[in-house]
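So that the names make sense, note that chain A is the first sequence line, chain B the second, and so on, each numbered from 1.
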Amino acid sequence: MKNNNDVVRVRFAPSPTGFVHIGSLRTALFNYLFAKHSGGKNILRIEDTDQTRKVEGAVENLIKVMGNLGIEFDEGPVQGGDYGPYYQSQRLGIYKKYCDELLAKGSAYYAFETSQELDEMRKLQQLEGRQTMYDRRARDLSEDEVRLNLKNGLPYVIRLKVPLNEEIRFDDVIKGTIKIETNIIDDQVLLKSDGFPTYHLANVVDDHLMKITHIIRGEEWVTSVPKHIIIYNALGWEIPQMAHVPLILNRDKSKLSKRQGDVAVEDYLQKGYLKETLTNFIALLGWNPGEGEEQEFFSMEELIKKFTLEKVQSSGAVFNVDKLNWMNNEYIKNYDPDKLTEMALPYFSKAGFEISDKDRIKKILLLIRVYLNKLDDIPDNIVYFIKKEIELESENLKEFLTADSSKKVFEKLSEKISLLDKLDPENYKTAVSEVQKETGIKGKALFKPLRIALTGSENGPELPMIADILGKEKVLDLLKRWI
RNA sequence: GGUCCCAUCGACUAGGGGUUAGGUCGUCACUCUUUCACAGUGAAAACACGGGUUCGAAUCCCGUUGGGACCGCCA
């Protein structure tokens, strides 16, 4: 165990295979919160040991997204640090060295099977209803055989020699004590035939060399912890604290996957979920401050202050978009108007709205923000500010526009408005109530046709505000169409 | 199938031997608003089951059931 004087060092160790998964974000966030809470260091390490899954630009994208969300690193590819390089692909020599050490200590061995052979082995095991697992066939190859194979240039991997008939146990900060019999642990490949390490080797070596004190990662890793412990033990290294956070789940409680909705953080960002919402919401997925705390809105600073691993849930959490929407809407409703306006510009632009007049945009935004679950909902909510003619939401609404009483209302109101210098919410209201007095038309018969004439819809934000934003000319134009 | 993990309203969760089991989202109703939304008020809604331990179990233990993860020269 680590002694208490050690400064906390945690790492987020993604493999750069494309977009940033919501689950990755949560892991990264928990690492960050824990590091900051404990006054420790948050380290980014890129686990790019799978040459076949490499995606161009993935690392840059990842760093950008993390930075965007306010998750910072003290060491990593960008800022460097004393324990680099922080790309595993640049540490190949290091892994080789420790692999040789394991070999020398008899804790690892050469194996010469091809992938095809292993596939066949697995198929057979499946057919027989047995657990698929390497049958350790190369475990006891004689030194001569190994030497001969190597001399003949046979491709090889190096496998972990799992000690048999033992029980491995470890204490997980979140899950408690976990024990597993070594007999069912695979003789895991440590070094692949292309000379790259597997995750299992690389992660242990790096965590040790980078002086990682706490490993915080997804629950899908628990079953491989014993393999890692065997490596730590073989090398005589101390084992960091483990904290396996529960999975984020689909609606059907399976591991959150692309099939059932968006899983890329980029997607949510693009749709206009605010970064504050995302970190707040994700933090609450699997963690809560406890102690009867009923607050649900937390800034990053508050999260840092309150976050502890002990309060991380031990069971999985369903990713509930409804609640995310609610929370995002709350953030939008309470956001600084000017900042919100800046963030909203692209969405206005996307809707074909001229964005040079920011005051006008701010006015519209403040009017419609209660309807926005995400900024991407903006286009749908501003159609009547854009279109030359209104689009009727439903054909049924037309009768309200063509009714005799409506015509009278439109006529009268047009007269009044055309006399005004400039339309504003107040004088619009006055004009309408004058129309009401003079025509005797009131209630639905008065307001509904007006709303429909100006917006094409029977519901929406306050009409005087809409009229104001539309402006005198546009309002007159829209009214006169039905006279 | 094997191993491991998990189990409070539909969802996120608080509570953790004695509570009317609390909050939030969602749902429903009412109020407000001559619209919808917002806001406000209220309602329905949960301790998976069975055994122990105990004066007393949602809470501790065991089992059952259910769910999930993992079983790659992927991470």
Steps toward side-chain contact (heavy atoms from CB on, under 4.5 Å) verdict (A:Asn328, A:Glu276)
CA-CA 8 Å; A:Asn328 201 47; A:Glu276 290 87 347; over 6 Å; no
Quote, to the nearest angstrom, the P distance that separates B:rG16 from B:rC61.
15 Å
Gap between atoms CD and P, on A:Gln313 and B:rA11 respectively (whole Å):
13 Å
Nearest to the side chain of A:Arg159, which nucleotide is it out of B:rU24, B:rC73, B:rA75?
B:rC73
Give none if B:rA48 has no partner; otherwise give the nucleotide forming a Watson-Crick or G-U wobble pair with it, both distances under 3.5 Å.
B:rU64
Rounded to whole angstroms, how far apart are CG on A:Asn280 and P on B:rU24?
16 Å
Spacing between A:Glu128 atom CD and B:rC71 atom P, to the nearest angstrom
21 Å
Evaluation steps, ring pair (Phe, Tyr, Trp, His ring centres under 6.0 Å), between A:Tyr331 and A:Phe297:
CA-CA 9 Å; A:Tyr331 270 103; A:Phe297 290 87; 5.5 Å; yes
In whole angstroms, how far is the C1' atom of B:rC25 from the CG atom of A:Leu285?
12 Å
Using the P atom as the point on both nucleotides, what is the distance between B:rC70 and B:rG10, in whole Å?
27 Å
Please report the C-alpha distance between A:Phe34 and A:His214 in whole Å, then the side-chain angles of each, then the deciding distance to 0.1 Å, and finally whether the ring pair (Phe, Tyr, Trp, His ring centres under 6.0 Å) criterion is met.
CA-CA 9 Å; A:Phe34 179 71; A:His214 301 256; 4.8 Å; yes
Scan nucleotides 32-48 of chain B nucleotide by nucleotide, 5' to 3', and note B when protein non-hydrogen atoms come under 4.0 Å of the base, S if they reach only the sugar-phosphate, - if neither.
--BBBBSS---------
Interatomic distance where NE2 belongs to A:His200 and C1' belongs to B:rA75 [whole Å]
8 Å
Watson-Crick or G-U wobble partner of B:rU53, both distances under 3.5 Å
none
Ring of A:Tyr110, cation from A:Arg159 - is the NZ or CZ under 6.0 Å from the centre and inside 45° of the axis?
no
What I want to check is whether the side chains of A:Gln88 and A:Asp206 have a donor and an acceptor closer together than 3.5 Å.
yes
Could you check A:Trp221 against A:Tyr199 for ring pair (Phe, Tyr, Trp, His ring centres under 6.0 Å), going step by step and ending with a plain yes or no?
CA-CA 11 Å; A:Trp221 292 108; A:Tyr199 171 83; 4.1 Å; yes
Heavy atom of residues 93-101 of chain A under 4.0 Å from RNA chain B: which residues?
none
Would you mind classifying the nucleic acid contact of A:Gly218 as base, sugar-phosphate or nothing, using non-hydrogen atoms under 4.0 angstrom?
nothing
Work out how far the P atom of B:rA21 is from that of B:rU59, and round it to whole angstrom.
15 Å
Considering every strand and a 4.0 Å limit on heavy-atom distances, what is the contact class for A:Pro197: base, sugar-phosphate, or nothing?
sugar-phosphate
Regarding A:Tyr371 and A:Asn329, do their side chains bring together a donor and an acceptor under 3.5 Å, going by distance alone?
no
Can you tell me the pairing partner of B:rG16 across any strand shown, Watson-Crick or G-U wobble, with both distances under 3.5 angstrom?
none
Distance-only, no hydrogens or angles: does the A:Tyr86 side chain make a donor-acceptor pair with backbone N or O of A:Tyr83 under 3.5 Å?
yes
Of the listed nucleotides B:rG72, B:rU13, B:rU24, the one nearest the side chain of A:Lys323:
B:rU24
Both distances under 3.5 Å, Watson-Crick or G-U wobble: report the partner of B:rG1, or none.
B:rC71
What's the gap between B:rC12 and B:rA69 when it is taken at their P atoms, as a whole Å value?
15 Å
Which is more 5' along RNA chain B, the nucleotide nearest A:Leu284 or the one nearest A:Leu191? Just name the residue.
A:Leu284
Classify A:Glu291 by what it touches in the nucleic acid, base, sugar-phosphate, or nothing, heavy-atom distance under 4.0 Å.
sugar-phosphate
Examine distances only and state if a side-chain atom of A:Glu293 and a backbone atom of A:Gln295 form a donor-acceptor pair shorter than 3.5 Å.
yes
Cut-off 3.5 Å, side chains only: do A:Asn250 and A:Ser257 have a donor facing an acceptor?
yes
Less than 4.0 Å between a side-chain N and a carboxylate O, is that true for A:Lys407 and A:Asp404?
no
Interatomic distance, A:Met133 CE vs B:rG1 C1' [rounded to whole Å]:
15 Å
Salt bridge check, A:Asp186 against A:Lys227: does any charged N sit closer than 4.0 Å to a carboxylate O?
no
Would you indicate what A:Val318 reaches in the nucleic acid, counting non-hydrogen atoms under 4.0 angstrom: base, sugar-phosphate, or nothing?
sugar-phosphate
With both distances under 3.5 angstrom, what nucleotide forms a Watson-Crick or G-U wobble pair with B:rU34?
none
By nearest-heavy-atom nucleotide on RNA chain B, the more 5' of A:Tyr199 and A:Asp186 is A:Asp186
Nucleotide nearest A:Thr198 when distance is taken to its side chain, options B:rC74, B:rG23, B:rA11
B:rC74
Using a 4.0 Å heavy-atom cut-off, does A:Thr114 contact any base of the nucleic acid, only the sugar-phosphate backbone, or nothing at all?
base
Every protein N/O lying under 3.5 Å from an N/O of nucleotides 2-5 of chain B:
from  : atom 1 : to       : atom 2 : distance (Å)
B:rC5 : O2'    : A:Lys175 : NZ     : 2.9

Ion pair present between A:Arg122 and A:Glu120, side-chain N to carboxylate O less than 4.0 angstrom?
no
So what does A:Lys311 hit on the nucleic acid, given a heavy-atom distance under 4.0 Å: a base, only sugar-phosphate, or nothing?
sugar-phosphate
So, OP1 or OP2 of B:rC6: does either fall under 4.0 Å of a side-chain N or O from A:Lys253?
no
What nucleotide, of B:rA11, B:rA75, B:rG23, holds the atom closest to the side chain of A:Glu296?
B:rG23
Before giving the answer on ring pair (Phe, Tyr, Trp, His ring centres under 6.0 Å), spell out for A:Phe30 and A:Trp287 the whole-Å C-alpha distance, their side-chain angles and the decisive distance to 0.1 Å.
CA-CA 9 Å; A:Phe30 281 12; A:Trp287 173 85; 7.5 Å; no
Check this one for me: any side-chain N or O of A:Gln51 less than 4.0 Å away from OP1 or OP2 of B:rC74?
no
Write down the distance between CZ (A:Arg217) and P (B:rC70), rounded to a whole number of angstrom.
14 Å
Contact class for A:Thr132 (heavy atom, under 4.0 Å): base, sugar-phosphate, or nothing?
sugar-phosphate
Establish, with yes or no, whether the OP1 or OP2 oxygen of B:rC74 is under 4.0 angstrom from a side-chain nitrogen or oxygen of A:Thr17.
no
Rounded to whole Å, the CD-P distance (A:Glu220 to B:rA69) equals 10 Å
Counting heavy atoms not belonging to A:Glu462, are there more than 12 under 6.0 Å from its CD?
no
Any side-chain N or O of A:Arg122 below 4.0 angstrom from OP1/OP2 of B:rG72?
yes
Proximal nucleotide (of B:rC6, B:rC74, B:rC73) relative to the A:Ser315 side chain
B:rC6
Using only side-chain N and O atoms of A:Lys255, determine if any of them is under 4.0 Å from OP1 or OP2 of B:rC70.
yes
